Amino acid sequence: MIGVFDSGSGGLTVLEALVEALPDESFLYLGDHARAPYGERDNAEIVAYTTEAIDFLMRSGCRLVVIACNTAASVALRTIQQTWLPLHHPRNRVLGVLVPMVEALAGVPWHREVPHEDDILLFPRVVLFGTTKTIESRAYLEEVNKRAPGCDIVQQACPGLAGMIEDGASETELLDVVSKRVAAALEGHMGFVPDAAVLGCTHYPLVRHLFAYCLPEETRILSQPDLVADALSDYLRRRPEFSDAGQGGRTVRYLTTGDPAHLRGLAVFMQNLHGQFTRVRL
Ligand code: DGL
């Protein structure tokens, strides 16, 4: 069983892609709705809450956990992988949404931490949208530039946008925010058209059409859920010990730290998923 963690409902955009791409795998989703959003919290809190949630999922039987929240992955993934996991669950693994996106932008595998002379720069100019915390962490910027120093990334925080999507804001309200953030990001590239755009927050795929409308036609929007699904499929092929394939009868279950009757934005995120949330204490 694979654990999928998010601060709230947003990670369901990632789960949906995983459920579709991996029909033999069982998933246990945990949303920390009681403490969401993480996007404006301080780093120590994000690391502590994310660690607690992963520990819970692992104690519930998940040997592999995907952090489906960009904020949590940007701030906590390295610390958890390097210091917490080897001490507490040394045989288990934690993956984060950040990794496949960095690989796609840099055009090299995650383990290649230094550029090679013959590397080809796939996306010379990139715009990255995320929560305030994801942008402040500079995790995408640093991880991509380590591997592809020529990649010019303009980062743009979109404070409040994730909350508006959860609250079911109107298209007009959302378009107003998205157009302002896109305009600011484009200014950062001083009139040059970006080659790629990263919607670096679990909620933004739901307003992808608005980003597409505001961005230049030539800018390619990279789909995080699809990249994560491809990366996880590839990982499970290489590490079958973390896969349920062949065991039959897959399950997809949903847990929350919040009140299942009052989860923000659930209807928006559950359109293509089925199941009820159960409340848990971490
Ligand atoms: N899931 C978060 C992310 O991808 C957004 C919501 C939050 O701020 O907690 O960054």
Side-chain angles (χ1 to χ4, degrees), residues 3-18 29-54 57 65-78 80 94-102 127-141 143 155-169 174 177-178 181 197-208 211 221-229 231 254-258 263-266 268-270 273 277 282:
V4 178
F5 166 68
D6 182 61
S7 56
S9 305
L12 293 168
T13 58
V14 175
L15 180 71
E16 189 182 318
L18 300 183
Y29 182 89
L30 171 61
D32 191 9
H33 293 87
R35 301 186 289 199
Y38 281 14
E40 331 274 315
R41 285 193 179 276
D42 70 47
N43 286 1
E45 274 178 329
I46 296 171
V47 174
Y49 294 172
T50 304
T51 308
E52 219 175 3
I54 292 173
L57 284 167
V65 173
V66 177
I67 302 181
C69 174
N70 287 273
T71 309
S74 299
V75 174
L77 180 64
R78 273 210 180 260
I80 287 173
V94 177
L95 310 175
V97 280
L98 172 102
V99 173
M101 186 57 83
V102 167
V127 280
L128 164 70
F129 302 94
T131 63
T132 305
K133 208 70 220 183
T134 296
I135 298 304
E136 274 176 13
S137 77
R138 298 171 61 83
Y140 275 100
L141 201 69
E143 296 293 355
Q155 300 198 105
Q156 180 61 51
C158 306
L161 180 58
M164 285 176 71
I165 296 167
E166 282 193 10
D167 291 341
L174 293 166
V177 174
V178 170
R181 299 302 168 209
V198 177
L199 308 188
C201 170
T202 48
H203 293 54
Y204 302 171
L206 294 171
V207 289
R208 181 195 169 107
F211 278 97
I221 300 178
L222 300 177
S223 165
Q224 192 164 45
D226 291 346
L227 286 172
V228 176
Y254 304 87
L255 307 176
T256 175
T257 56
L263 298 184
R264 281 177 86 203
L266 205 55
V268 183
F269 291 98
M270 290 293 284
L273 292 168
F277 273 83
L282 301 188

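Please read these numbers as outputs of a predicted model, since none were measured by experiment. Both counts, for ligands and for their atoms, begin at 1 and track the order of listing.
- Proximity of Thr202 to ligand 1, defined as any heavy-atom pair under 4.0 Å, is shared by backbone and side chain alike.
- Counting all heavy atoms, side chain and backbone alike, Cys158 lies closest to Tyr204 at CB-OH, 3.4 Å.
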| query | Between Arg35 and Glu52, is a salt bridge (charged side-chain N to carboxylate O under 4.0 Å, His left out) present by the stated rule, with each step listed? | reply | CA-CA 12 Å; Arg35 301 186 289 199; Glu52 219 175 3; 2.9 Å; yes
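- Remark: of the listed residues Asp42, Thr71, Asn70, Asn43, Asn43 is the sole one forming a side chain to side chain donor-acceptor pair (under 3.5 Å) with Lys133.
- Ring to ring, Phe211 and Phe129 are close: their centroids are under 6.0 angstrom apart.
- Of all atoms in ligand 1, numbered sequentially from 1 with element shown, those under 4.0 Å from a heavy atom of Ser7 are 1 (N), 2 (C), 6 (C), 7 (C), 9 (O).
- Using a 4.0 Å cut-off between a side-chain N of Lys or Arg and a carboxylate O of Asp or Glu, Arg78 and Glu143 qualify as a salt bridge.
- Not one N or O of His203 is nearer than 3.5 Å to an N or O of ligand 1, by distance alone.
- The protein heavy atom nearest to atom 2 (C) of ligand 1 is Cys69 SG, 3.3 Å.
- Atom 10 (O) of ligand 1 has its closest protein heavy atom at Thr71 OG1, 2.6 Å.
- Results of the ring pair (Phe, Tyr, Trp, His ring centres under 6.0 Å) test with His33 over Phe5, Tyr38, Phe269, Phe277 single out Phe277 as the only residue that passes.
- Protein heavy atom at the shortest distance from atom 8 (O) of ligand 1 is Gly39 N, 2.8 Å.
- In this structure, Cys201 has a heavy atom closer than 4.0 Å to ligand 1.
- For the pair Gln155/Arg138, a side-chain contact is recorded, criterion being any heavy-atom separation below 4.5 Å from C-beta on.
- Near Asp6, meaning under 4.0 Å from any of its heavy atoms, are these atoms of ligand 1: 1 (N).
- Atoms of ligand 1 found under 4.0 Å from any heavy atom of Tyr38, numbered from 1 in the order shown, are 7 (C), 8 (O), 9 (O).
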